[in-house]
Amino acid sequence: MAAAPRIAKRLAAWWEANARDLPWRFGRATPWGVLVSEVMSQQTQMSRVVPYWQAWMELWPDASALAGASTAEVITMWGRLGYPRRALRLQECAQAVSERYADELPRTYERLVALPGIGDYTASAVMSFAYGKRVAVIDTNIRRVLSRVFLGKESMGGAASAAERALANTVLPQDPSASVMWNQAVMELGAVVCAAKKPLCERCPIAGECLFLESGLPGLGEKRTRPRQRFQGTDRQVRGIVLNALRGLSSEHASSQPRTTAAASRAHAAAPRSLPREQVESLWKDHVQLDSCIASLDEDGLIEILPDGSLRLPR
DNA sequence: TTCCAGTCAA
DNA sequence: TTGACGGGAA
């Protein structure tokens, strides 16, 4: 770890020259905007997040604005970002911030992590990126980079171990401002250079300090997470199909892309229509699975089932 | 096929 | 600790 200060210096220079120009970076977003970007980025590539974040923040610039939106509109604006329960949690989070904290995002980790949909990563990211506090951020990129550089091996799957957290805290620069840049730079390096399967070591600013490279990339690409569930034919796919059909109902201008402000206004004004049972059944051949998914969507609060069996987004 | 700025419930 | 939870890109 003695090399950490030297690595931090190289990384800082690399960050200054190579940081992607994302709209919520470089002090251009409010703390709430930063939080929204982090929630949208959970398990989702940044490149896909940008247009959604811009449309979202234009429509709902602060927590109280989002708190006052209809659930149907929130789900519609979430579009095809994936994991739509995140949209529900984000609105619940907005309502909590609006009501409990007078529309001002809390400034402590403990209060942030207590909000709906905000876990350890997002709370830490907001503390660091929005408030400039010295907090170790632990995400999949940082875990991979730190494990490779300082331990010379791949990080294991599953939850971050105590050892990983200790490492992250040990190598984090003492100066708060430097710690923020460190978090962002390490994360960025993991995203664009120190990739999971094909690291671009020839373009890495700290290749000369990397124990993993020095050891010959032992176990690179080795399966270290449990096998992922196939998507085709799963409940996740069916849920997505049902939800997408309902999203298309909210307004005549519905689309899978982030809508314009004007179109969003019309969606807000229009009462969400419902999808007749007959059309619901045409969505998926296996009706047992279909009904199971409809029930789970209902339990999640993502849809409503009307007495006649038709479906709609919650009002 | 795998991976991606994770969170939550069981 | 494990499984469920979207969808798209390489």
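The sequence lines fix the lettering, A, B, ..., with proteins before strands; numbering per chain opens at 1.
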Restricting both atoms to N or O, compile the protein contacts to nucleotides 8-10 of chain C shorter than 3.5 Å, with distance only.
from, atom 1, to, atom 2, distance (Å)
dG8(C), OP1, Arg80(A), NE, 3.0
dG8(C), N2, Gln45(A), NE2, 2.8

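- No option in Trp56(A), Tyr52(A), Trp60(A) other than Trp56(A) meets the ring-ring contact (aromatic ring centres under 6.0 Å, His included) test with Trp78(A).
- Separating the CD atom of Glu164(A) from the P atom of dG6(B) is a distance of 14 Å, rounded to the nearest angstrom.
- The side chain of Arg86(A) has dG6(C) as its nearest neighbour among dT2(B), dT7(B), dG6(C).
- When the side-chain nitrogen and oxygen atoms of Thr122(A) are compared with OP1 and OP2 of dT7(B), one or more of them lie within a distance under 4.0 Å.
- Side-chain atoms of Tyr83(A) come within donor-acceptor range of the base of dG6(C), with a qualifying N/O pair under 3.5 Å.
- When the P atom of dA5(B) is taken as reference, atom CG of Leu22(A) falls 12 Å away, rounded to whole Å.
- The CH2-P distance, from Trp78(A) to dG6(C), rounds to 12 Å in whole Å.
- Among the nucleotides dC4(B), dG6(B), dA5(B), the one closest to the side chain of Arg144(A) is dC4(B).
- Of the candidates dG6(C), dG6(B), dG7(C), the closest approach to any side-chain atom of Pro84(A) belongs to dG6(C).
- Residue side chain Gln42(A) does not reach the base of dG6(B) through any donor-acceptor N/O pair under 3.5 Å, judged by distance alone.
- For dG6(B), the base has no donor-acceptor partner in the side chain of Thr44(A) [N/O atoms by modelled type, under 3.5 angstrom].
- Taking all atoms of both residues into account, the shortest heavy-atom contact from Asp300(A) to Leu88(A) is O-CD2, 3.2 Å.
- Under the side chain to side chain donor-acceptor pair (under 3.5 Å) criterion, Arg48(A) pairs with no residue at all, not counting sequence neighbours.
- Ile138(A) comes within 4.0 angstrom of no nucleic acid atom, judged by non-hydrogen atoms across all strands.
- Across the protein-nucleic acid pair, Leu220(A) atom CG and dC3(B) atom P stand 11 Å apart, rounded to whole Å.
- Summary of the strand contacts: Arg239(A) and Ala159(A) both lie near DNA chain C, and taking for each the nucleotide with the nearest heavy atom, the more 5' one is attributed to Ala159(A).
- Residues Met127(A) and Arg107(A) come closest through the heavy atom pair CE-O, 3.2 Å.
- Residues meeting the side chain to side chain donor-acceptor pair (under 3.5 Å) test with Ser98(A), sequence neighbours left out: none.
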Filtered N/O pairs between nucleotides 8-10 of chain B and protein, under 3.5 Å:
from, atom 1, to, atom 2, distance (Å)
dC8(B), OP1, Gly117(A), N, 2.7

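- dG3(C) and dA5(B) have their P atoms separated by 23 Å, given to the nearest Å.
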Let me have the donor-acceptor pairs involving side chains of residues 194-214 of chain A, under 3.5 Å, with sequence neighbours excluded, atom names and distances please.
from, atom 1, to, atom 2, distance (Å)
Glu209(A), OE1, Arg6(A), NE, 3.4
Glu209(A), OE1, Arg6(A), NH2, 3.0
Glu209(A), OE2, Arg6(A), NE, 2.8

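- Contacts of Asp103(A) classified as side chain to side chain donor-acceptor pair (under 3.5 Å), with partners at least two apart in sequence or in another chain: Ser64(A).
- The interatomic distance linking Leu90(A) (CG) with dT7(B) (P) rounds to 13 Å, in whole Å.
- Ring geometry, Phe26(A) versus Trp15(A): the interplanar angle falls from 30° to 60°, so the pair is classed tilted.
- Of all nucleotides listed (dC3(B), dT7(B), dA5(B)), dC3(B) comes nearest to the side chain of Ala196(A).
- Look at CG on Leu88(A): it is 14 Å from C1' on dG6(C), rounded to the nearest Å.
- In this structure, the nucleotide among dG6(B), dC3(B), dA5(B) sitting nearest to the side chain of Lys197(A) is dC3(B).
- Going from the P atom of dG8(C) to that of dT7(B) covers 22 Å, rounded to whole Å.
- Using modelled atom types and a 3.5 Å distance limit, the side chains of Tyr121(A) and Glu38(A) yield a donor-acceptor pair.
- Within the 4.0 angstrom heavy-atom criterion, base atoms lie near Arg20(A).
- Closest approach of Asp298(A) and Ile303(A) over heavy atoms only: OD1-O, 3.3 Å.
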